[in-house]
2 protein chains.
Amino acid sequence: MHPYFSQEVPYAGLIQSSVRADFLLLDGDTPGGPMTSAEHSPLTRKLSAFVALSEAELAVLERLHQRRRTFAAGRDMVHQGQSDQAAYILSSGWVCSYKIQPDGTRQIVDFQVPGDFLGLRSVLLRTSDHSFEPIVTIEAAEVLKSDLLAAFAQTPRLATAILWAASRDEAMVVEHLVGIGRRDADARMAHFLLELGSRLALVGIGSKDGYDCPLTQYHLADALGLSAIHVNRVLRQLREGGVVTFRDGHVTIHDHDRLVDLAEFDPAYLDQTGPLLK
Amino acid sequence: MHPYFSQEVPYAGLIQSSVRADFLLLDGDTPGGPMTSAEHSPLTRKLSAFVALSEAELAVLERLHQRRRTFAAGRDMVHQGQSDQAAYILSSGWVCSYKIQPDGTRQIVDFQVPGDFLGLRSVLLRTSDHSFEPIVTIEAAEVLKSDLLAAFAQTPRLATAILWAASRDEAMVVEHLVGIGRRDADARMAHFLLELGSRLALVGIGSKDGYDCPLTQYHLADALGLSAIHVNRVLRQLREGGVVTFRDGHVTIHDHDRLVDLAEFDPAYLDQTGPLLK
DNA sequence: CGGCTTCTTGACCTAAGTCAATGCTTGTGG
DNA sequence: CCACAAGCATTGACTTAGGTCAAGAAGCCG
């Protein structure tokens, strides 16, 4: 296939095992010391926006972050082994989850940014059927099934909050489906950039005016169901139109209103209406 | 206040249930032998294909079907009221769940066929943000939140089974996303028809050679992210190619192998590998 | 009957894909 | 310190899958 064809991924990506994830471990020496409330993890930040957590609950949540690990960019970390009963809480870096088609094309289903869970479902229910790839070198806290269930049993409200986050993730997948099915390339891109901005703002990364974003145009293409070349054209148009600039790993929003308008962006599905559970 | 948060957390118990289910599994707890599912509800049939349920569990399951209701075709039944804490088990007829865009186009996210849950998520987690429309007059059993949670508490293995079904539904949404993003119209259609056939076969409707299907070409268009006119063209091609005929509310599969080939259909995501919890 | 909805087909158009070529970095080995 | 490769980004020229428009046809139903 043509080297420019973005959907191609190396065959090596198809044969990872849960064991190999351990090989990718670069260091395990970062002891997750107790955090002061000033330096809460992104997940804590995210959940706190919706559920007012007590001191005890916060403590349990922070304790879930103890087993810190680092994964190198580019190599898949997959959760499909019955043996691997762990999920991860992403504390820094970006990950994408995707499925490969038999013909080699790939579709990115979702991105994970700091504060997001990775493989939560494979712990609570059955094994996940798609793969995870760190986009940059990431830091994540490993959460064992037993830890998670224990935490849930101790603090039911925490369970509620985490399940709320999982449910929100699912709503994003549905919105993604709608976007690919019924929005043109420009609107899709605009919508995507807005959603990302919204998610990042929730964990205190970036602002209304923009955010750092390590994705390549190939990532965008595979996520939005477009070709990388068309992604480039769309980005140029948005840039020259003075709406938004995606360049050098940074998204700069010049005209937020016009972007929202273009995307017909209605953030209702993100359910970000402020702290609800007092 | 958000309906999701309006009640004290029920999930702790739910999660506990699934833990206990695993325990029972490991214990080798032997439920009653397989029984003829002919007289059972579609949901029972479906779950029985994956989890060997005991007499007691079957009884609880059947009891969930008591509050039977009928809904006329075409008129939306939406679940977003705080007051409406019910889900439905579809026992006959077809439903679609969809989202409307601000510009009036709609994207069908999923179809529900007999044996499927409707609005399960809005009971267990938060309110669903999309609408449901019965495609034909349907019969459904209303399940109150309290009933469901009681059933889960009584029979943890049933909880596992139902959550498995929910998880499978989600995998179908993801596969749907992949299809719209990365398959051309023919493959999308082929894949869709095969998935439907597979789902229906699971509840004893239809066979390898075909099944009844009340969808219009407009439904197909809205589900597959195509125009109705193109759906018509694709169907004609498939029909004239001797692969599959969609006509007069019936799908007839002439060449199953070629259809699978066209769709690059890999049913792995449907997780239909036979009874798993013995 | 006349008004629905659904299906069908042809003619034409456009958004997006494909092909091909060119820079621009960044990293790496000689 | 250069050469050279690899990965991204960019752009123009051309092709095509699928959308849009228009017009019937074929039921079906009050």
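Note on naming: letters A, B, ... go to the chains in the order of the sequence lines (proteins, then strands), and numbering restarts at 1 for each one. Keep in mind that this is a model prediction, so the values were computed, not measured.
Between the C1' atom of C:dT5 and the CG atom of B:Leu215 lies a distance of 15 Å, rounded to the nearest Å. Going from atom CG of A:Asp222 over to atom P of D:dC8 covers 12 Å, rounded to whole Å. When the P atom of C:dT8 is taken as reference, atom CG of B:Leu235 falls 8 Å away, rounded to whole Å. Rounded to whole Å, atom P of C:dT8 lies 9 Å from atom CG of B:Asp248. Whole-Å rounding puts the B:Leu226 CG to C:dA16 C1' distance at 15 Å. Here C:dT14 presents its P atom at 16 Å from CG of A:Asp186, a figure rounded to the nearest Å. Put simply, CD on A:Gln237 is 12 Å from C1' on C:dA16, counting in whole angstrom units. Atom CG in A:Asp184 sits about 11 Å away from atom P in D:dT20, given to the nearest Å.
Close to C:dA15, at under 4.0 Å from its OP1 or OP2, lies no side-chain N or O of A:Arg188. In terms of phosphate contacts, A:Asn232 brings no side-chain nitrogen or oxygen within less than 4.0 Å of OP1 or OP2 of D:dA9. Phosphate proximity of C:dT8 to B:Gln217: present, with a side-chain N or O under 4.0 Å from OP1 or OP2. Phosphate proximity of D:dA9 to A:Arg247: absent, as no side-chain N or O sits under 4.0 Å from OP1 or OP2.
B:Tyr98 and B:Phe132 have their aromatic ring centers separated by at least 6.0 angstrom.
Taking only distance into account, the side chain of B:Arg233 never meets the base of C:dG10 through a donor-acceptor pair shorter than 3.5 Å.
When each of A:Phe246 and B:Arg183 is assigned the nucleotide of DNA chain D bearing its nearest heavy atom, the one mapping closer to the 5' terminus is A:Phe246. Mapping A:Glu240 and A:Arg182 onto DNA chain D via the closest heavy atom, the residue that lands nearer the 5' end is A:Glu240.
With contacts defined as side-chain heavy-atom distances shorter than 4.5 Å, the pair B:Leu224/B:Ile180 does not qualify.
Looking at A:Asp116 and A:Arg199, a side-chain N of the basic residue comes within less than 4.0 Å of a carboxylate O on the acidic one, giving a salt bridge. Under the 4.0 Å criterion applied to side-chain N and carboxylate O atoms, B:Arg68 and B:Glu142 are not assigned as salt-bridge partners.
As judged by a 4.0 angstrom heavy-atom cut-off over every strand, B:Gly74 is placed among residues making no nucleic acid contact. Residue-level contact check: B:Gly249 touches neither bases nor backbone, having no heavy atom under 4.0 Å from any strand.
In the set D:dT20, D:dG18, C:dG17, the nucleotide with an atom closest to the side chain of B:Ser227 is D:dT20. Listed candidates were C:dG17, C:dT18, D:dA22. Nearest to the side chain of B:Ile229 is D:dA22.
With no hydrogens or angles considered, a side-chain donor-acceptor pair links B:His219 and B:Thr216 at under 3.5 Å.
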